[in-house]
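The chains referred to below are lettered A, B, ... by the order of the sequence lines, with proteins before strands, and numbering in each begins at 1.
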Number of protein chains: 2
Amino acid sequence: MAAHEELLQNALRQRGLRVTPDRLHVYRLLESSPLPLSIPALVEEIHATGMNQTTVYRILELFTAMGVVHPVLIGHGSVGYELIPPFRHHHHHLVCIGCNEVIDLYNCQLEHRIDEIVEPYHYKIIYHDVEIHGLCPKCQAKEAQAQSNGD
Amino acid sequence: MAAHEELLQNALRQRGLRVTPDRLHVYRLLESSPLPLSIPALVEEIHATGMNQTTVYRILELFTAMGVVHPVLIGHGSVGYELIPPFRHHHHHLVCIGCNEVIDLYNCQLEHRIDEIVEPYHYKIIYHDVEIHGLCPKCQAKEAQAQSNGD
DNA sequence: GTTTATGCAAACAGTTTGCATGTAC
DNA sequence: GTACATGCAAACTGTTTGCATAAAC
């Protein structure tokens with residue numbers, strides 16, 4: 001994990017930017033979270049430490065511009081941020097539309113097919129996001145029960 | 001296209017909801033747009049017609065709950081809405097991170113692989129979103145030029 | 001010491017809510 | 001005529017901006 005923190009420090013220094021406690025702190029929060037974090041969630045976690053919320057916005061904007069994080073959809077239309085390669089393994093999300101549970105999927109294996117699909121457009125692919133939405137086993141059971149009661 | 005409008009009318013009536021000019025109007029805007037529309041964009045387009053922006057929010061919330069639209073990420077972390085099956089063909093997005101151009105991809109062919117990946121979790125898959133990010137030919141050229149000048 | 005990052009306060013934009021009015025059924 | 005949808009205004013939350021202070025290099 002310290003190895004990743006060095007990655008961030010190098011990325012900052014390469015651009016003539018400074019390594020500050022606040023930037024490291026936001027980075028560690030993102031690193032330790034299994035799920036993408038919304039800005040309000042980050043602000044809340046961080047307010048406890050005395051850090052200003054304006055700073056959270058600025059750091060997140062910076063990290064996005066640097067390619068350290070990127071925004072993804074979590075839940076119903078809200079945006080969260082998560083680390084991207086090389087700061088974190090490539091992965092996708094399996095999201096339950098019933099309870100908003102999120103499972104990370106690490107065995108992507110979609111690159112080849114994606115290359116094929118995109119080939120005619122002559123794009124240089126940087127990354128891809130996949131979100132798979134469905135019902136988890138628990139919510140399937142709930143739904144089945146609701147139907148047998150309701151109808 | 002009128003066929004789709006009937007789909008919406010049926011979906012509304014099935015739920016005891018009313019078919020109103022405003023709901024049809026928002027639906028037509030979504031149907032005629034090649035790209036997902038953000039709420040501010042919808043509000044702006046609609047303000048010209050004299051419709052209140054509160055109504056736009058309420059209709060979009062309703063359409064989301066009904067499964068007529070769903071939110072997707074467009075550009076840098078902003079959310080747009082687009083119609084989903086059966087109101088529109090299943091498709092994905094190829095997005096240029098340079099100029100924000102969006103291309104719709106209709107030949108998905110990822111279902112089988114996605115089913116494989118998700119199989120261990122016993123989810124019932126409802127739908128999936130794919131966003132592929134890269135540089136379009138023009139922005140690749142720009143980048144190449146910038147590098148030969150800069151370095 | 002210089003330049004960049006942060007804190008603070010105010011302004012701003014986007015979104016939500018309650019209630020009165022209008023409209024689809 | 002009744003129940004639902006809309007308009008309006010106000011409240012509220014999330015986000016951005018400018019400037020003074022503090023910290024990294």
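For the pair B:Arg23 and B:Thr54, both in contact range of DNA chain D, the more 5′-proximal nearest nucleotide belongs to B:Arg23. Toward the 5′ end of DNA chain C lies the nearest nucleotide of B:Gln53, the other residue of the pair B:Gln53 and B:Pro21 mapping further downstream.
Classified by interplanar angle (parallel below 30°, tilted 30° to 60°, perpendicular above 60°), the ring pair B:His92/B:His128 is tilted.
For A:His133 (side chain) and B:Ile126 (main-chain N/O), no donor-acceptor pair under 3.5 Å exists by modelled atom type. A:Gln140 places a side-chain N or O within donor-acceptor distance of the main-chain N or O of A:Leu135, the cut-off being under 3.5 Å. The main-chain N or O of B:Leu30 is never found under 3.5 Å from a side-chain atom of B:Ser33 such that the two would form a donor-acceptor pair. No donor-acceptor pair closer than 3.5 Å links the side chain of A:Tyr27 to the backbone N or O of A:Gln9. Side-chain atoms of A:Tyr127 do not come within 3.5 Å of backbone N or O of A:Pro85 as any donor-acceptor pair.
Atom P of nucleotide D:dT6 and atom CG of B:Leu60 are separated by 13 Å, given to the nearest angstrom. Regarding A:Ile46, its CD1 atom lies at a distance of 16 Å from the C1' atom of D:dG14, rounded to whole Å. Between A:Asp22 atom CG and D:dA22 atom C1' the separation is 12 Å, expressed in whole Å. In this structure, B:His47 atom NE2 and D:dG7 atom C1' are separated by 11 Å, rounded to whole Å. To the nearest angstrom, P of D:dA20 lies 17 Å from CG of A:Asn52. Rounded to a whole Å, the CD1 atom of B:Ile39 is 15 Å from the P atom of D:dG14.
Contact annotation for B:Arg58: base contact, defined as any heavy-atom pair under 4.0 Å involving a base atom. Within 4.0 Å of B:Val43, counting heavy atoms only, lies no atom of the nucleic acid at all.
Distances shorter than 4.0 Å separate some side-chain N or O of B:Thr20 from OP1 or OP2 on D:dT6.
Minimum atom distance to the side chain of A:Arg18 is reached by D:dA23, of the listed D:dA5, D:dT15, D:dA23.
Side-chain contact check for B:Tyr123 and A:Glu101: at least one donor-acceptor pair (N or O, by modelled atom type) lies under 3.5 Å.
Rounded to 10 degrees, the angle separating the terminal axes of the helix from C:dG1-D:dC25 to C:dC25-D:dG1 is 50°, with each axis obtained from five end pairs.
Summarising the local packing, NE2 of B:His90 is surrounded by more than 12 heavy atoms from other residues, nucleotides or ligands at distances under 6.0 Å.
Nucleotides of DNA chain C that come within less than 4.0 Å of any heavy atom of chain A span, from the 5' end to the 3' end, C:dT3 to C:dA9.
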Under 3.5 Å donor-acceptor pairs involving side-chain atoms of residues 106-113 of chain B, not counting sequence neighbours:
from, atom 1, to, atom 2, distance (Å)
B:Tyr106, OH, B:Arg88, NH2, 2.7
B:His112, NE2, B:Glu116, OE2, 3.1
B:Arg113, NH1, A:Gln109, O, 2.8

